[in-house]
Amino acid sequence: MNYQWYPGHMTKSVRAMQDQLKLIDLVIEILDARIPFSSRNPDIDRLGNGKFRLVILNKADLADPAVTALWKAYFEGKGIKAVECNAKAPGLAKSLKPVIAEVCKDKIERDKKRGILNRPIRAMICGIPNVGKSTFINTFIGKAAAKTGNKPGVTRSNQWIRTGANVELLDTPGILWPRFEDQTVGMHLAFIGSMNDQILITEELASDLIRFLRKDAPGKLEAYYHIAGAPEGAEHLEDSVLRQIAASRGFLKKGEEPDTEKASAQTLEDFRAGRFGRISVERPE
Ligand code: G4P
């Protein structure tokens, strides 16, 4: 199957992002902790050049914690601080406050030397669609949110939101795009539901997912559905697994034939919700 990501209004969004970058000190880049490589914009290092940087490995509640620790070390090896996060959990601003202060310590020091104390750090959230940008912003600002847009000189399109962490956030996140020329990237985005399912063939996607799980998380899907799975080397292995899932869930078509399409949709939904356990799709090289 061809996993295709449509770039859409890419040029427009690069330009908007470049304009916004002029205003900020810190780029907070949100990635999906299950697929940090595939959910990362290929141009972010160029776009964020000269800014303080922080990577958020979001949806870490769905990823394998041991693999997330490897990703943190991977980014830190590149000189970029990375933290794991569940953007749905409260207390985000409190836990990130010391991290942001550490990442931006040069600016804080510089301000201090000039006699400027507690000038907020201006930050922008960015990431590809569906990584949790809006959820992150809402949890981060919590109830303390106060828009600063009514100050003179602040245009409606760029509003700063004050947060409890001595950080002002740009209210609109920067929407980036993934590497759309790479089929594996497309497949991984599709696994986690970040690609429009309507353009994909559900059974083929579920079959690709079953193949991945057999290799990287063996036994988890079988345990969840209470099925034996297909033996190594079996012909039409994925189809056999899907038929077993259909039978165990009672998804039957007319004539008692297992409904593998319904089983495919269910498998994808269960994987995306983390019901097979915390599984990371990608590990650092
Ligand atoms: P975006 O702005 O980057 O496009 O992403 P958004 O915040 O809309 O989040 C996309 C989906 O991911 C939402 O689910 C959101 O609840 C979920 N999400 C965000 N952060 C986390 C996280 O850390 N852990 C988990 N498990 N989920 C997260 P949805 O199904 O589209 O909406 P809803 O049913 O939650 O309302």
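These numbers come from the heavy atoms of this one structure, side chains and all, not from hydrogens, waters or symmetry mates. None of these values were measured; they are calculated from a predicted model. Read the numbers this way: they start at 1 and go in the same order the structure lists the ligands and their atoms.
- Of all protein heavy atoms, the one lying nearest to atom 5 (O) of ligand 1 is Gly132 N, 3.1 Å.
- Shown in contact with Lys133 at under 4.0 Å from a heavy atom are these atoms of ligand 1, numbered in order with element: 1 (P), 2 (O), 3 (O), 4 (O), 5 (O), 7 (O).
- Counting heavy atoms only, Thr135 comes closest to atom 15 (C) of ligand 1 of the residues Ile175, Thr135, Leu176.
- Of all atoms in ligand 1, numbered sequentially from 1 with element shown, those under 4.0 Å from a heavy atom of Leu62 are 26 (N).
- Within the 4.0 Å cut-off (strictly below), a protein heavy atom is located near atom 24 (N) of ligand 1.
- Atoms of ligand 1 lying under 4.0 Å from any heavy atom of Asp61, numbered from 1 in the order shown and given with element: 22 (C), 23 (O), 24 (N), 25 (C), 26 (N).
- Exactly one of Lys51, Lys78, Arg40 qualifies for a salt bridge (Lys or Arg N to Asp or Glu O under 4.0 Å) with Asp45. That residue is Arg40.
- A side-chain donor-acceptor contact under 3.5 Å links Ser194 and Asn130.
- Within the cation-pi definition used here (under 6.0 Å to the ring centroid, within 45° of the axis), Arg122 qualifies as a partner of Trp160.
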Practice task
Please test Gln20 against Thr172 for side chain to side chain contact (heavy atoms under 4.5 Å, CB included), starting from the C-alpha separation and ending with a verdict.
Solution key: CA-CA 10 Å; Gln20 289 174 324; Thr172 43; 3.6 Å; yes

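- Heavy atoms of Asn86 found under 4.0 angstrom from ligand 1 belong to the backbone as well as the side chain.
- In this structure, atom 34 (O) of ligand 1 has no protein heavy-atom contact shorter than 4.0 Å.
- Checked against a 3.5 angstrom limit, the closest N/O atoms of Val131 and ligand 1 fall inside it.
- From the protein, the heavy atom lying nearest to atom 18 (N) of ligand 1 is Lys59 CE, 3.7 Å.
- Between Ser38 and Glu282, the side chains place a donor N or O and an acceptor N or O closer than 3.5 Å (distance only, hydrogens not considered).
- Side chain of Lys133 to main chain of Ile128: a donor-acceptor pair is present (N/O by atom type, distance under 3.5 Å, no hydrogens or angles).
- Taking the six-membered ring wherever Trp is involved, the centroid distance between the rings of Phe37 and Tyr74 does not fall below 6.0 Å.
- Ring geometry for Tyr225 against Phe276 counts as perpendicular: the plane angle is over 60°, on a 0 to 90° scale with 30° as the lower cut.
- Checking only distances, Phe136 never comes within under 3.5 Å of ligand 1, N or O to N or O.
- Between the side chain of Asn41 and the main chain of Ile44, a donor-acceptor pair closer than 3.5 Å is present.
- Arg278 places a side-chain N or O within 3.5 Å of a backbone atom of Ala63 that can act as its donor or acceptor partner.
- At least one protein heavy atom sits closer than 4.0 Å to atom 2 (O) of ligand 1.
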Exercise for the section: Quick one: do Ile28 and Cys126 satisfy side chain to side chain contact (heavy atoms under 4.5 Å, CB included)? Show the steps, please. Expected result: CA-CA 6 Å; Ile28 303 180; Cys126 62; over 6 Å; no

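- Looking at Ala87 next to ligand 1, an N or O pair under 3.5 Å apart turns up.
- The protein heavy atom nearest to atom 20 (N) of ligand 1 is Asn58 ND2, 3.1 Å.
- Here the protein heavy atom with the shortest distance to atom 27 (N) of ligand 1 is Lys88 CD, 3.6 Å.
- At the top of the distance list for atom 31 (O) of ligand 1, counting protein heavy atoms only, stands Asn130 OD1, 4.6 Å.
- Distance check for atom 12 (O) of ligand 1: a protein heavy atom is found below 4.0 Å.
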